[in-house]
Enquirer: 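Sharing a structure here in structure tokens format.
What you see is a predicted model; the values in this text were computed from it and never measured. Chain letters run A, B, ... following the sequence lines, proteins first and then strands; every chain starts at 1.
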Number of protein chains: 2
Amino acid sequence: MKRPRRPNERKPNRRGSIPPLTVKRLSLYLRYLEESAEANQTTVSSRQAGRALGLTDAQVRKDLAHFGQFGRPGVGYYVEDLAREIRKIFGTDQVWDVALIGAGRLGRALLGYEGFLKKGFRVSAAFDSNPKRIGREFANVRVQPMAELTEAVASGRFRLAILAVPAEAAQEVTDELCRAGIRGIINFAPVRLAVPEDVAVVPVDLAVQLEQLSYFANSPTPRKQRRQGKRGGQS
Amino acid sequence: MKRPRRPNERKPNRRGSIPPLTVKRLSLYLRYLEESAEANQTTVSSRQAGRALGLTDAQVRKDLAHFGQFGRPGVGYYVEDLAREIRKIFGTDQVWDVALIGAGRLGRALLGYEGFLKKGFRVSAAFDSNPKRIGREFANVRVQPMAELTEAVASGRFRLAILAVPAEAAQEVTDELCRAGIRGIINFAPVRLAVPEDVAVVPVDLAVQLEQLSYFANSPTPRKQRRQGKRGGQS
DNA sequence: TAATGTGAACATTTTCACAGCA
DNA sequence: TGCTGTGAAAATGTTCACATTA
């Protein structure tokens with residue numbers, strides 16, 4: 001028996017019901033705030049932020065309002081304060097250790113990426129099944145055998161993992177990670193991973209990104225027209 | 001004077017107005033079809049595809065219906081035919097040359113990624129400003145000086161580019177690419193690129209992906225409840 | 001019977017527009 | 001005056017349910 005529901009009735013805004021698209025933009029806001037801080041700005045308005053990111057000012061305000069009242073009428077948002085708040089929301093106000101699985105070319109490139117540490121992520125362990133890679137060291141991290149993966153994750157040191165293994169191995173490794181208690185996985189393998197409800201997966205399929213690009217680059221400029229529009233859209 | 005519009009009146013579905021989210025899923029459909037073909041399936045139903053990808057059958061049908069009537073009632077979709085159609089939509093029914101800008105660790109990893117060629121993209125030229133890298137060869141591609149970039153792109157051989165340079169250099173290189181007539185850019189630099197209307201940009205900020213993951217891994221399982229739900233959500 | 005394609009209902013997301021604060 | 005926070009409207013996206021076809 002279905003409960004009838006009036007057209008626009010809304011559920012009470014339970015904590016945890018943040019719109020997914022808002023969460024995505026939150027990363028952009030943080031990046032913009034970090035740039036602004038670097039430029040010694042102390043406040044930014046929703047309009048400034050929106051302009052820089054290709055969004056409307058209303059959208060910026062509404063997104064931020066989901067998490068609290070951070071702004072001051074007539075002034076804007078205090079750059080440092082808001083950045084701190086957003087980091088707290090992401091849980092990146094502290095540094096997290098991340099495990100890398102798969103030390104192939106892509107994995108090794110990620111190991112050396114300084115951008116992660118600036119954002120609060122330290123890729124501090126690497127695992128691989130290939131004997132030729134085990135024991136070697138990249139960016140000061142020694143590659144360990146897969147056999148040691150379970151214990152490392154189960155110890156609680158790693159809540160997040162970067163999966164950069166071949167497609168064929170991805171699900172198997174994932175099962176292992178989940179059994180060991182991982183909380184989230186960035187998946188570079190071109191496969192949809194099956195995981196339990198309480199494990200988050202963010203897929204990054206590079207070939208898919210190229211396909212998207214090809215589509216938009218081919219279609220005859222169907223991107224949204226804007227008054228005075230000078231810039232192309234950005235997915 | 002504003003023309004009044006009734007609440008749910010919809011604009012006629014002009015050609016070119018494909019919902020962006022549909023385009024994103026199209027990549028997933030194609031990947032699923034390729035797997036199905038490999039498993040020697042000749043047809044798939046919207047329900048099978050949906051189940052494998054975490055979507056409803058209705059959504060699969062509606063997405064595909066935007067592009068034509070590919071299915072057969074009582075049968076489903078012919079795997080090979082539909083795959084061919086989708087490739088045509090993406091423009092990947094032929095192989096495109098892609099230029100890589102920035103032959104650092106990440107760039108070199110992408111140079112050697114075989115997944116691209118399977119999808120119809122050949123990363124066949126690389127450019128870098130670092131004299132130590134110029135002239136060296138990775139995955140059979142010789143790194144050229146930046147000075148040669150403009151001519152290579154202007155020749156028309158490259159419509160798409162992968163940008164894997166440091167954030168500071170990204171906009172400058174982008175301007176160069178746009179002047180030379182590039183049509184699309186995958187941007188790995190953590191910066192929003194300003195581009196003319198007719199150039200597409202797909203941003204891939206790896207630190208942002210980790211932030212997203214951190215958010216979802218921290219929040220207390222706010223992912224959508226499903227009857228019999230066994231699998232976690234997947235962004 | 002098994003499946004598509006599709007209007008209409010439902011749901012989410014974005015934009016508008018304005019009250020109210022500094 | 002300049003800007004936020006926010007209801008309400010508009011736009012976009014998803015699911016339902018069913019006529020229709022093989």
Side-chain angles (χ1 to χ4, degrees), chain A residues 2-14 17-26 29 42-51 53-79 81-82 85 222 224-227 233, chain B residues 2-14 17-26 29 41-51 53-79 81-82 85 222 224 226-227 233:
Chain A
K2 265 185 225 135
R3 182 166 90 75
R5 170 107 55 107
R6 278 196 310 293
N8 259 352
E9 185 186 343
R10 298 248 166 138
K11 270 183 250 155
N13 201 356
R14 286 193 294 94
S17 66
I18 307 296
L21 296 177
T22 293
V23 178
K24 224 177 237 172
R25 283 188 297 266
L26 213 51
Y29 299 149
T42 52
T43 66
V44 297
S45 69
S46 57
R47 180 196 280 250
Q48 290 175 302
R51 181 166 260 287
L53 298 170
L55 307 168
T56 65
D57 54 338
Q59 179 146 60
V60 174
R61 293 198 299 277
K62 189 144 270 191
D63 280 341
L64 295 175
H66 276 108
F67 301 97
Q69 306 202 159
F70 303 129
R72 287 239 262 154
V75 178
Y77 300 85
Y78 286 99
V79 171
D81 290 355
L82 182 54
E85 290 291 347
K224 199 169 292 170
Q225 198 85 3
R226 281 175 188 270
R227 274 177 312 154
Chain B
K2 267 185 224 135
R3 182 168 87 78
R5 169 107 55 108
R6 275 195 312 291
N8 258 351
E9 184 186 341
R10 301 228 171 164
K11 270 184 247 153
N13 200 356
R14 287 193 293 93
S17 67
I18 308 294
L21 296 176
T22 293
V23 178
K24 224 178 237 173
R25 285 190 295 267
L26 214 51
Y29 300 148
Q41 288 209 259
T42 52
T43 67
V44 298
S45 68
S46 57
R47 179 195 280 250
Q48 291 175 300
R51 180 167 262 289
L53 298 171
L55 307 168
T56 65
D57 53 339
Q59 179 145 60
V60 175
R61 293 198 297 279
K62 190 144 270 194
D63 280 341
L64 296 174
H66 276 108
F67 302 96
Q69 305 203 159
F70 303 128
R72 285 240 263 154
V75 178
Y77 300 85
Y78 287 98
V79 171
D81 290 356
L82 183 53
E85 289 292 347
K224 201 171 291 170
R226 281 175 188 270
R227 275 177 313 154

Enquirer: Got a sec, which pairs hit salt bridge (Lys or Arg N to Asp or Glu O under 4.0 Å) with one end in residues 54-63 of chain A, sequence neighbours left out?
Expert: A:Arg25-A:Asp63, A:Asp57-A:Arg61
Enquirer: Between B:Leu21 (CG) and D:dT12 (C1'), how many Å, whole number?
Expert: 9 Å
Enquirer: Roughly, in whole Å, what's the span from CZ in A:Arg47 to C1' in C:dC16?
Expert: 14 Å
Enquirer: Taking atom CD1 of A:Ile18 and atom CZ of A:Phe67, what is their separation to the nearest 0.5 Å?
Expert: 4.0 Å
Enquirer: Does D:dT14 have OP1 or OP2 sitting under 4.0 Å from an N or O in the side chain of B:Thr56?
Expert: no
Enquirer: Among C:dT4, C:dT15, D:dC3, which nucleotide sits nearest the side chain of A:Gln59?
Expert: C:dT15
Enquirer: Using a distance-only criterion (donor-acceptor N/O pair, under 3.5 Å, no hydrogens), is the base of C:dT15 paired with the side chain of A:Lys62?
Expert: yes
Enquirer: Round to the nearest Å and state the distance from A:His66 atom NE2 to D:dG5 atom C1'.
Expert: 12 Å
Enquirer: For A:Pro20 and for A:Arg61, locate the closest nucleotide of DNA chain C by heavy-atom distance; then report the residue assigned to the nucleotide nearer the 5' terminus.
Expert: A:Pro20
Enquirer: Taking CZ from B:Phe67 and P from C:dG5, how many angstroms apart are they, rounded to a whole number?
Expert: 13 Å
Enquirer: In whole angstrom, give the distance that lies between atom CZ of B:Phe70 and atom C1' of C:dT6.
Expert: 16 Å
Enquirer: Can you tell me if A:Tyr77 touches the phosphate of D:dG5, counting only side-chain N or O atoms and a distance under 4.0 Å to OP1 or OP2?
Expert: yes
Enquirer: What is the separation between atom CZ on A:Arg25 and atom P on C:dT15, rounded to the nearest whole Å?
Expert: 8 Å
Enquirer: Round to a whole Å and report the spacing from CG of A:Asp63 to P of C:dT12.
Expert: 16 Å
Enquirer: Report each atom pair, protein N/O against N/O of nucleotides 20-22 of chain C, whose distance is under 3.5 angstrom.
Expert:
| residue | atom | partner | partner atom | Å |
| --- | --- | --- | --- | --- |
| C:dA22 | O4' | A:Pro73 | O | 3.3 |

Enquirer: How many angstroms lie between CG in B:Asp81 and CZ in B:Arg72, if you round to the nearest 0.5 Å?
Expert: 10.0 Å
Enquirer: Remember a base hit wins even if backbone is also touched, and classify B:Ser46 as base, sugar-phosphate or nothing at under 4.0 Å, heavy atoms.
Expert: sugar-phosphate
Enquirer: Any side-chain heavy atom of A:Leu82 within less than 4.5 Å of one from A:Tyr29?
Expert: no
Enquirer: Supply the atom-to-atom distance B:Ser46 OG to B:Gln59 CD, rounded to the nearest 0.5 angstrom.
Expert: 11.5 Å
Enquirer: Excluding sequence neighbours, so at least two apart, what forms side-chain contact (heavy atoms from CB on, under 4.5 Å) with B:Thr42?
Expert: none
Enquirer: Answer whether the closest heavy-atom distance between the side chains of A:Leu64 and A:Tyr77 falls below 4.5 Å.
Expert: yes
Enquirer: Can you measure B:Leu64 atom CG to C:dT6 atom P for me and round it to whole angstrom units?
Expert: 12 Å
